[in-house]
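Report on the structure given below.
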Amino acid sequence: MKLNKILAFGFAALTLSACSSDNDYSIDNPVNTASGVTVEMQQDAISAGEDMEQGVYIKVPVILTGEPNGYVNVKVEVVGTGDSPATEGEDFIVTNKEVSLNPEDKIAYVEFYPTGDEIENPDRQFTVTITSAEGATIGAQKTCLVTLIDNESLLPNAYRDIQGTWTVATDDDQFGSFTVNIMGVEEGADGYLSKLVITNFLGQQVDPIEATFSFDASTGAGKVYIPFNQSLGIFNFNGIGQHEVVIATVVNGNSLSLAGGTTGTTNAELTKMTFDKSLIGTLWTTSGSFSGYTWFWFDSMTFTKVQ
């Protein structure tokens, strides 16, 4: 087993951050006085999956046209509409109904996130409408229709399709590519439609990797999330003896981290999946100390469906 030695690497601590906007509404900003400035919704309609994804906010863009010399402060109203109207506070949460558009970027966002449920139901809708604009005229496109697409009607098929045999391509010369199996949970069992297990990782007899599955009905893309700090087992390595292999990542270019995980996002056909963070197999002694060695280091990792 070929090993790599890491020098001068530290472990990164888990950090949490809250969503914030660079376009926060503020009456302290100098307001536009130039004529010919219009504020509108950038799109007349958008759609999003109804299920909440931790830390992900849906953005409804508001734009300026013209040549403003100051900020434009906008307020919006949010109302359920259609045959199955979405209810604010129940089906979705709006984080801001007032935005300030600066004269350079000319764009700001009303943000919301869906709350989701596990019930199959019709798609729900609501409108975001500009009700006032300080420093600009409200244009013709003042309303955006938001559709929350029911994931439950499509999730079972997506969960079935993500399972099977995949070829994994990496940038690690030692492993290159190998084949893995992704398996789910049977219908009716705990974790059905969300839990996954990846076996035969590295093309070898390592412990299974646990993962979770989510699906965005608005794009047809699936996401497989692999948490770090999972053990692949204990192995005997030439020259250094027995060590436990624990998956991790690297942050800030020089720090290993066991916190968080890596997310693989598929195409709409659920046949290709690319992961967003490096995946590293770190070696730990039986006493629980990091040895300074890695077994594998994948800066890039792409899965392609075989069957």
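These numbers come from a predicted model, not from an experiment.
Residues V110 and V94 form a side-chain contact, since some pair of their non-hydrogen atoms from C-beta on lies under 4.5 Å apart. Counting heavy atoms from C-beta outward, F213 and Q163 have side chains that stay 4.5 Å or more apart. In this structure, the side chains of V128 and E77 stay at 4.5 Å or more apart for every pair of heavy atoms. Side-chain contact between F290 and L258 is absent, with no heavy atoms from C-beta onward closer than 4.5 Å. Two residues are said to be in side-chain contact when any heavy atoms from C-beta on lie closer than 4.5 Å; D207 and Q230 fail this criterion. N96 is not listed as a side-chain neighbour of Y109, based on a closest heavy-atom distance of 4.5 Å or more. Side-chain atoms of W295 and F175, non-hydrogen and from C-beta on, do get closer than 4.5 Å to each other. No side-chain heavy atom of T274 sits under 4.5 Å from any side-chain heavy atom of T265.
No more than 12 heavy atoms of other residues, nucleotides or ligands shown are found within 6.0 angstrom of CD on E67. By the neighbour-count criterion of 12 heavy atoms within 6.0 Å, atom CD of Q43 is densely surrounded, having more than that number from other residues, nucleotides or ligands. At most 12 heavy atoms of other shown residues, nucleotides or ligands fall within 6.0 angstrom of atom NZ in K142. Taking a 6.0 Å sphere around CD of E210, one finds it holds 12 or fewer heavy atoms contributed by other residues, nucleotides or ligands. Remark: K272 NZ is loosely packed, at most 12 non-hydrogen atoms of other residues, nucleotides or ligands lying under 6.0 Å away.
How far CZ of F215 is from CG of L270: 6.5 Å, rounded to the nearest 0.5 Å. The line from OG1 of T266 to CD1 of I162 is 5.5 Å long, rounded to the nearest 0.5 Å. Atoms CZ and CD, from F235 and Q242 in turn, are 10.5 Å apart once rounded to the nearest 0.5 Å. Between atom CD1 of residue I63 and atom CG of residue L101 there is a gap of 9.5 Å, rounded to the nearest 0.5 Å. With values rounded to the nearest 0.5 angstrom, Q125 atom CD is found 4.5 Å from L145 atom CG. Note that the CH2 atom of W297 and the OG1 atom of T282 stand 10.5 Å from one another [nearest 0.5 Å].
Note on ring orientation: taking the six-membered ring where Trp is involved, the planes of Y113 and Y57 are perpendicular (angle over 60°, cut-offs 30° and 60°). Classified by interplanar angle (parallel below 30°, tilted 30° to 60°, perpendicular above 60°), the ring pair F92/F126 is parallel.
Put simply, the side chain of N32 gets close to the backbone of N69: a donor and an acceptor are under 3.5 Å apart. Under a 3.5 Å cut-off, the side chain of S291 and the backbone N or O of L283 do form a donor-acceptor pair. Side-chain N or O atoms of T170 include one that pairs as donor or acceptor with a backbone N or O of G176 at under 3.5 Å. Remark: side-chain polar atoms of N157 are not paired, donor with acceptor, to backbone N or O of D161 under 3.5 angstrom. Side-chain N or O atoms of K106 include one that pairs as donor or acceptor with a backbone N or O of G66 at under 3.5 Å. Side-chain N or O atoms of T95 include one that pairs as donor or acceptor with a backbone N or O of E111 at under 3.5 Å. Between the side chain of D171 and the backbone N or O of D299 there is at least one donor-acceptor pair closer than 3.5 Å. Within the 3.5 Å criterion, the main-chain N or O of T143 finds a donor-acceptor partner in the side chain of Q141.
Partners of T262 according to the side chain to side chain contact (heavy atoms under 4.5 Å, CB included) rule, which considers only residues two or more places apart in sequence or in another chain, are I226, F228, F275, D276, K277, L279. Among residues two or more places apart in sequence or in another chain, the side-chain hydrogen bond (donor to acceptor under 3.5 Å, both in side chains) test is passed with D83 by none.
V197 and F303 are not part of a single hydrophobic cluster, where members link through side-chain heavy atoms under 4.5 Å apart. Grouping the Ile, Leu, Val, Met, Phe, Trp and Tyr side chains by contacts below 4.5 angstrom, directly or via other members, places L202 with F237.
Between E90 and R124 no salt bridge is recorded (no basic side-chain N to carboxylate O distance below 4.0 Å).
When every heavy atom of P103 is checked against every heavy atom of P68, the shortest pair comes out as CB-O, 3.6 Å. Taking both residues in full, the closest heavy atoms of L64 and A136 are given as CD2-CB, 4.4 Å, listed atom of the first, atom of the second, then distance.
Side-chain contact, S278 with T249: a donor N or O sits under 3.5 Å from an acceptor N or O.
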Atom pairs and distances, donor-acceptor, side-chain atoms in residues 177-187, under 3.5 Å, two or more places apart:
unit_1: N181; atom_1: OD1; unit_2: T165; atom_2: OG1; d: 3.1

